[in-house]
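Here is how names work: the chains are called A, B, and so on, in the same order as the sequence lines, proteins then strands, and each is numbered from 1. Here the structure is a predicted model, which is why all the values come from computation and not from measurement.
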Amino acid sequence: MPTSLLALTLLDRVPGIAFGLPLVLVAAVVFAATHHEDPAAIRRATLEWLGWLGGILGGVLVVVWLVGRLV
Amino acid sequence: MGISASLAAGRIVALSPDDETPIDLKRPAVAAVLSWLVPGLGQLYQGRRQKGVLFMVSLLTIFVVGLWLGGGRVVYASWKPGEKRWAFLCQAGIGAAAIPALLQSWRLEGAAKQPVLLSSFMVPPLSRGQPVSQAYATELARVDPDIEPEDFRPLPPWRQFRPFPPPGMLDRTPADQLSVWHKQLGRFFEIGTLYTMLAGMLNALVIYDAFSGPMHPAPRDEKKEKR
């Protein structure tokens, strides 16, 4: 269990989608850094990958939400 | 050794996709193994410090955060029939940080029937009827509020965890430890599992980068572009 009751209570209030954001950020950083060597290029590519990953996952979430509303 | 000396010595180099400067990969297989053991360590060995630190910090952070969110329970190796932990195949990609899980599983299911130092860190959950050592049974009853000393019955020379009740008797205790963990942690069991799995899977890209340098975009097909 998370170390303290306070932390658990606080974390329980965080919507599930928020836990995906750090994963998207780290994935974007790793994708960018494995495609480039120059730090400036890595920074630029991280933003591009954030756009792609966020866009794709956001799109999937919107479709799931819409399907959920229709059913 | 500089890049020109590396080239002269016939060492393996990769080209940077940004400015086509050569990158000395030193011994790529060694770098790949190092990057599996600790994310980014292979890049540090190759002298690519910034990338090494970036990989190390980002991947180890999400692995540790995932482990913390999952109460230290989500990384374990189990190959018992019906309780195979497939997620561990992905988690193992993080290397040394996941190795204790293998050790704990081997010790708990081996002749000793108890984990290293009786610690429950990265130990697979006990299933109904599983035999464990007397010392581990006592330790679990002491540290885990959901386990009572009565949950273990004598099975000399071991203690048996929550054996099946005799036919016709109702049993109200949870079947196994995994059910208790899911009840305790709720959605954090899945979130922690996802974080630690993703850390291991992303490290596969880091290992590839250490072995063969940065990935290059596919060359443009000029014929197709003209059409």
Are [X] and [Y] close enough that some pair of their side-chain heavy atoms sits under 4.5 Å apart?
{"X": "B:L108", "Y": "B:L126", "answer": "yes"}
{"X": "B:F161", "Y": "B:V132", "answer": "no"}
{"X": "B:D176", "Y": "B:R162", "answer": "no"}
{"X": "B:Q184", "Y": "B:D144", "answer": "yes"}
{"X": "B:Y76", "Y": "B:L178", "answer": "yes"}
{"X": "B:L60", "Y": "B:I94", "answer": "yes"}
{"X": "B:K183", "Y": "B:D146", "answer": "no"}
{"X": "B:L67", "Y": "B:M122", "answer": "yes"}

Legend entry - Rounded distance [0.5 Å steps], CE in B:M215 versus CG in B:D209: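 Rounded to the nearest 0.5 Å, the CE-CG separation comes to 7.0 Å.
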
Inset, instruction - Sort by residue number and list every member of residues 47-54 of chain B having a non-hydrogen atom under 4.5 Å from chain A. - result: B:R48, B:Q50, B:K51, B:L54

Legend entry - chain A-proximal positions within residues 192-207 of chain B [heavy-atom distance under 4.5 Å]: B:L194, B:Y195, B:L198, B:L202, B:L205, B:V206

Inset, instruction - May I ask you to decide whether B:R142 forms a salt bridge with B:E139, counting only side-chain N to carboxylate O separations under 4.0 Å? - result: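 Judged by the 4.0 Å cut-off on N to carboxylate O distance, B:R142 and B:E139 do form a salt bridge.
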
Inset, instruction - Identify the residues of residues 56-68 of chain A whose heavy atoms come closer than 4.5 Å to a heavy atom of chain B, ordered by number, or report 'none'. - result: none

Inset, instruction - Name, in order of residue number, those residues of residues 28-50 of chain A that have a heavy atom at a distance of less than 4.5 Å from a heavy atom in chain B; otherwise write 'none'. - result: A:V29, A:V30, A:F31, A:A33, A:T34, A:H35, A:H36, A:E37, A:D38, A:P39, A:A41, A:I42

So does [Y] get a backbone contact from the side chain of [X], meaning a donor-acceptor N/O pair under 3.5 Å?
{"X": "B:S127", "Y": "B:Q130", "answer": "no"}
{"X": "B:Q104", "Y": "B:F121", "answer": "yes"}
{"X": "B:E83", "Y": "B:S78", "answer": "no"}

Inset, instruction - Indicate the atoms forming the closest heavy-atom contact of B:A77 with B:S105, along with that distance. - result: O-OG, 3.0 Å

Inset, instruction - Taking all heavy atoms of B:M56 and all of B:L44, pick out the closest pair and write down the distance. - result: CE-CD1, 3.5 Å

Legend entry - Stacked cation flag B:R73 on B:F189, 6.0 angstrom / 45 deg: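 No.
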
